Amino acid sequence: PRSTLFPYTTLFRSQSPDPVQRAFAQYMERVSGRWTEPLLPTRDGAKLTIFRIAAVNGPQQQYTNIAVMGILVALLLPAVQAAREAARRNASMNNLKQISLALMNYCDTKKTLPPNAIYSADGKPLLSWRVAILPYLEENELYKEFHLDEPWDSPHNKALIPRMPKTFANPNMPGTDGMTDYLAIVGKECIFDGTEKGKTLRQITDGTSKTITVVEADADRAVEWTKPYDLNFDATNPKAGLGHVHPGGWLAAFCDGHIQFITDSGTSDIVKAMFTCAGGEQY
């Protein structure tokens with residue numbers, strides 16, 4: 001009965017990329033020798049018996065009850081996990097949407113997108129672009145409390161880190177107060193080019209709908225939200241630091257305001273084209 005009912009458990013356990021599938025296969029192999037017999041269906045004319053319990057309150061019934069509960073858990077767990085993942089992804093998409101709209105409103109007001117940092121008079125990066133867009137996230141009072149001529153970790157500015165707006169808090173990163181993984185892509189070919197001067201929309205010749213501004217980076221790349229640190233563009237490996245927050249891909253905000261899920265199956269050339277703002281690539 002064991003080999004008849006579960007012929008692929010060993011295959012699933014050893015080769016399946018799905019951890020739930022592997023765990024379920026291990027569970028089935030561990031206990032199937034005791035209770036598979038009652039689970040084998042029998043037909044008597046038009047009557048189909050799914051479970052056969054030999055003795056009320058006996059060991060066989062207990063094994064069968066455990067088996068049924070195990071099956072139900074194994075069937076329901078992927079659905080529960082999928083629902084939670086969908087909820088977290090939607091919440092993160094909303095955060096990125098708010099960030100993207102703030103960047104657009106900044107551009108409408110200043111006629112340029114913000115540089116990647118607020119710089120000192122001598123060209124030293126002090127505070128992140130995330131601080132610069134606070135007035136466009138309805139956080140003007142918090143923005144006014146920053147000393148814009150001091151670095152992010154000065155005694156005064158450092159005390160403001162715990163007051164990070166919820167928009168910068170990724171629901172996929174619980175328990176990391178003051179940290180964010182919503183990072184800009186910084187490089188001389190990108191919208192955030194690492195200089196004190198912000199880009200105009202006219203400089204984005206590849207098109208605002210095809211150029212990424214901000215990404216949801218891997219958790220190990222998260223930083224204090226006020227720190228002028230982001231994801232440096234690497235033309236040889238543009239997907240570095242991405243793809244480990246959600247199964248199968250990562251979220252990105254584009255310059256026109258739309259949010260897109262980028263699958264891990266996308267080639268490095270496509271990702272590179274999305275990051276550069278005037279490369280002339282087609283994808």
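In what follows, residues are counted from 1 in the order of the sequence shown. What you see is a predicted model; the values in this text were computed from it and never measured.
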Handout entry: Flag for His244-Asp218: side-chain donor and acceptor within less than 3.5 Å
Key = yes

Practice task
Check whether any side-chain heavy atom of Trp250 sits under 4.5 Å from a side-chain heavy atom of Val215, and report yes or no.
Solution key: yes

Handout entry: Under 3.5 Å: donor-acceptor pair, side chain of Asn95, backbone of Asn170
Key = no

Problem - Expected output: side-chain Ser154 to main-chain Pro151 donor-acceptor under 3.5 Å - result: yes

Practice task
Please identify each residue that fulfils side chain to side chain contact (heavy atoms under 4.5 Å, CB included) with Asn140, with sequence neighbours left out.
Solution key: Pro135, Tyr143, Lys144

Practice task
Using atom types as modelled and distance alone, determine if a side-chain donor or acceptor of Thr276 lies under 3.5 Å from a backbone N or O of Glu189.
Solution key: no

Practice task
Indicate whether any N or O donor in one side chain lies under 3.5 Å from an N or O acceptor in the other, for Asp149 and His147.
Solution key: no

Problem - Centroid-centroid distance, Phe192 to Trp129, less than 6.0 Å - result: yes

Practice task
Examine the side chains of Thr167 and Tyr182 and answer whether a donor and an acceptor come within less than 3.5 Å of each other.
Solution key: no

Problem - Under 3.5 Å donor-acceptor, Gln203 side chain and Thr200 backbone - result: yes

Exercise for the section: Kindly say whether Arg88 contributes a backbone atom to a donor-acceptor pair with the side chain of Ser92 at under 3.5 angstrom? Expected result: no

Practice task
Could you tell me if the ring centre of Tyr136 sits under 6.0 Å from that of Tyr106?
Solution key: yes

Exercise for the section: Report, as yes or no, whether the 6.0 Å neighbourhood of atom NZ on Lys158 holds more than 12 heavy atoms from other residues, nucleotides or ligands. Expected result: no

Handout entry: Cationic N near anionic O, under 4.0 Å, Asp234 to Lys272
Key = no

Handout entry: Under 3.5 Å side-chain donor-acceptor pair for Ser120 and Asp122
Key = yes

Practice task
Check for a donor-acceptor pair, side chain of Lys227 on one end and backbone N or O of Trp152 on the other, with a separation under 3.5 Å.
Solution key: no

Problem - Neighbour count >12 (heavy atoms, 6.0 Å) for atom NE2, His246 - result: yes

Practice task
Classify the side-chain pair Asn116/Tyr119 by whether it contains a donor and acceptor separated by less than 3.5 Å.
Solution key: yes

